[in-house]
There are 2 protein chains.
Amino acid sequence: MIVQKDKIEELDRKKEQIIEAALKRFSHFGIPKTTMNEIAEDLSISKALLYYYFPDKISLAYEVAEFIIAEFLKQHELIFENAASCFEGLQDLISFRIAFGKKYFMLHIHDKQTDVSVHDVRAQQFICSLRENELSLITAFLEKAKQNGELKAVDSQEIAKILMDMLTGIWICEMYVNHKTLIPNDQQFHTIKTKMEKIIHVFYEGIKNNNHGTANSK
Amino acid sequence: MIVQKDKIEELDRKKEQIIEAALKRFSHFGIPKTTMNEIAEDLSISKALLYYYFPDKISLAYEVAEFIIAEFLKQHELIFENAASCFEGLQDLISFRIAFGKKYFMLHIHDKQTDVSVHDVRAQQFICSLRENELSLITAFLEKAKQNGELKAVDSQEIAKILMDMLTGIWICEMYVNHKTLIPNDQQFHTIKTKMEKIIHVFYEGIKNNNHGTANSK
DNA sequence: TTTCTGACTTTTTTAATTAATTAGTCAAAT
DNA sequence: ATTTGACTAATTAATTAAAAAAGTCAGAAA
């Protein structure tokens with residue numbers, strides 16, 4: 001029984017090693033430019049062994065994605081927990097999103113017109129699930145601020161949705177419309193951050209409670 | 001002298017005819033899928049004649065673009081002139097942008113990875129100029145509302161920029177991220193419109209003058 | 001002289017073929 | 001149960017040939 005459990009743990013540890021190695025390659029060169037052979041070589045194992053632990057390349061990629069998404073959501077929670085106010089929480093959220101994007105944007109780069117996410121149901125569901133998770137975190141955060149009296153009586157979920165749409169929109173707009181460089185540079189990230197901060201500022205003015213907050217805080 | 005002038009006018013009229021014929025094709029099939037021969041055939045003229053009036057296809061495309069951009073900006077002005085309030089003006093702006101997008105989105109569709117706008121300096125400048133024109137119109141509109149007392153003392157240009165970023169962002173996000181269909185459908189346009197309206201709502205709350213406006217309007 | 005055309009050349013796209021690389025499998029070894 | 005080398009199948013990249021479209025020009029028509 002205990003032996004059985006140890007085995008499972010070891011299997012998981014091995015999978016984790018593979019995921020970490022794959023993540024390194026994927027986040028550096030992107031998924032299409034990473035071969036299963038390279039991942040295997042990095043770990044000094046045979047390619048066949050990768051297929052012992054993962055059914056195919058795309059499944060490995062998804063597990064890698066799940067791995068970093070877990071980190072992404074965990075950080076979200078932390079930021080919201082430690083936020084001194086709703087406004088500061090939103091600002092921290094932006095900083096984090098930019099830093100996270102810098103670190104992992106290669107995972108998002110699609111080679112030519114060959115983009116997995118278009119027709120793949122699995123990708124659609126994956127993104128959908130991520131969005132929902134993020135949405136509920138932000139909604140909860142806004143809800144808390146509303147109960148606090150920092151925000152006025154708004155529909156938290158509706159506001160959270162709008163907020164997410166705007167942030168994603170600005171990102172895409174800057175990356176894929178204004179400066180279509182396949183590999184984004186620091187300047188672009190900085191521009192996006194600045195724009196997001198400005199948006200958050202006006203946005204916050206629109207949802208904050210004018211009877212409470214800064215006016216009363218003295 | 002007068003003869004010379006008539007000649008010039010006639011030349012312009014001919015160019016206009018070509019532009020209109022080209023616009024029909026371009027807005028229906030997109031620029032890459034429209035051939036110079038087709039445009040010539042539509043007008044029952046020879047292809048060589050097109051090259052008598054326009055140096056090349058891309059120049060024709062730009063003149064077509066300038067033609068509809070003029071319409072775009074003209075409508076902007078009209079909307080802002082006739083707006084009963086800043087908020088209603090912004091709402092009308094959204095309705096117009098959606099309608100305009102429905103009509104001319106084909107001009108924007110890029111074939112595969114072959115997208116003119118990426119490396120073409122002319123395209124960059126064109127878009128830049130359009131943005132600036134739109135920006136100054138919106139800025140002026142906000143400035144007017146500020147002087148009216150409808151808006152609080154904000155930096156009108158800054159706010160206009162943010163507004164434009166947000167609207168473009170939502171558009172791009174919905175079109176190219178959420179539902180990557182090359183030819184957008186009515187449902188998508190409707191979704192975008194709804195999102196924009198929600199954003200405008202919060203946004204307006206953030207910039208309106210709380211001492212004036214709705215509170216005092218009775 | 002200005003506007004226009006048919007016949008032409010050059011450049012770009014598209015399609016088809018082939019070569020090379022990579023994903024994925026499996027019998028056998030540890 | 002885990003691991004591998006040697007294998008096949010599927011994709012991707014490179015090459016080439018064919019087709020289509022862009023663009024030119026000498027000269028006709030107005």
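Source: prediction; values computed, not measured. Below, chains carry the letters A, B, ... as their sequence lines are ordered, and counting in each starts from 1.
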Rounded to the Å, how far apart are [X] [atom1] and [N] [atom2]?
X	N	atom1	atom2	value
A:Phe54	D:dT2	CZ	P	13 Å
A:Ile45	D:dG5	CD1	C1'	14 Å
B:Lys33	D:dA20	NZ	P	12 Å
B:Tyr53	C:dT2	OH	P	12 Å
A:Lys15	D:dT2	NZ	P	12 Å
A:Gln17	D:dT3	CD	C1'	14 Å
B:Leu49	D:dA29	CG	P	16 Å
A:Leu43	D:dT2	CG	C1'	15 Å

B:Tyr104/B:Glu71 under side-chain contact (heavy atoms from CB on, under 4.5 Å): CA gap, chis, key distance, verdict: CA-CA 12 Å; B:Tyr104 294 124; B:Glu71 182 194 329; 3.3 Å; yes
Among B:Lys193, B:Lys195, B:Gln187, the one residue meeting side-chain hydrogen bond (donor to acceptor under 3.5 Å, both in side chains) with B:Thr191: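 Checked B:Lys193, B:Lys195, B:Gln187 against B:Thr191; only one passes side-chain hydrogen bond (donor to acceptor under 3.5 Å, both in side chains): B:Gln187.
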Neighbours of DNA chain D within residues 19-29 of chain B, by heavy-atom distance under 4.0 Å: none
All N/O contacts under 3.5 Å from nucleotides 27-30 of chain C to the protein, with atom names and distances to one decimal?
none

Donor on one side chain, acceptor on other, A:Asp92 and A:Ser95, under 3.5 Å: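 Per modelled atom types, A:Asp92 and A:Ser95 side chains form no pair under 3.5 Å.
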Cationic N near anionic O, under 4.0 Å, B:Asp42 to B:Lys24: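 No, B:Asp42 and B:Lys24 are not salt-bridged.
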Electrostatic pair B:Glu143:B:Lys146 at N-O distance under 4.0 angstrom: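 Looking at B:Glu143 and B:Lys146, the cut-off is met.
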Distance test, side-chain N/O of A:Lys14 to OP1/OP2 of D:dA1, below 4.0 Å: no
Phosphate OP1/OP2 of C:dT3 contacted by B:Tyr52 side-chain N/O (<4.0 Å):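 Checking B:Tyr52 against C:dT3: at least one side-chain N or O falls below 4.0 Å of OP1 or OP2.
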Near-ring test A:Trp171/A:Phe105, centroid separation under 6.0 angstrom: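 Here the rings of A:Trp171 and A:Phe105 have centres that are no less than 6.0 Å from each other.
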Closest heavy-atom pair and its distance - B:Phe29, B:Met106: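 So the minimum-distance heavy-atom pair works out to C-SD, 4.0 Å.
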Verdict with reasoning, A:Arg97 to A:Glu134, per salt bridge (charged side-chain N to carboxylate O under 4.0 Å, His left out): CA-CA 12 Å; A:Arg97 272 169 157 263; A:Glu134 203 187 353; 2.4 Å; yes
Ring geometry between A:Phe96 and A:Phe100 (parallel below 30°, tilted from 30 to 60°, perpendicular above 60°):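 A:Phe100 vs A:Phe96 ring planes: tilted.
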Chi angles and distances behind the side-chain contact (heavy atoms from CB on, under 4.5 Å) call for A:Ile200, A:Leu163: CA-CA 8 Å; A:Ile200 283 292; A:Leu163 183 62; 3.5 Å; yes
Any donor-acceptor N/O pair, B:Glu38 side chain to B:Thr35 backbone, under 3.5 Å: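 Confirmed, B:Glu38 side chain pairs with B:Thr35 backbone.
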Could you go over nucleotides 21-25 of chain D and give all protein N or O partners under 3.5 Å, atom names and distances?
from   : atom 1 : to      : atom 2 : distance (Å)
D:dA22 : OP1    : B:Met36 : N      : 3.4
D:dA22 : OP1    : B:Lys57 : NZ     : 3.2
D:dA22 : OP2    : B:Met36 : N      : 2.9
D:dA22 : N7     : B:Lys47 : NZ     : 2.9
D:dG23 : OP2    : B:Tyr51 : OH     : 3.2
D:dG23 : OP2    : B:Lys57 : N      : 2.8
D:dG23 : N7     : B:Lys47 : NZ     : 3.0
D:dG23 : O6     : B:Lys47 : NZ     : 2.8

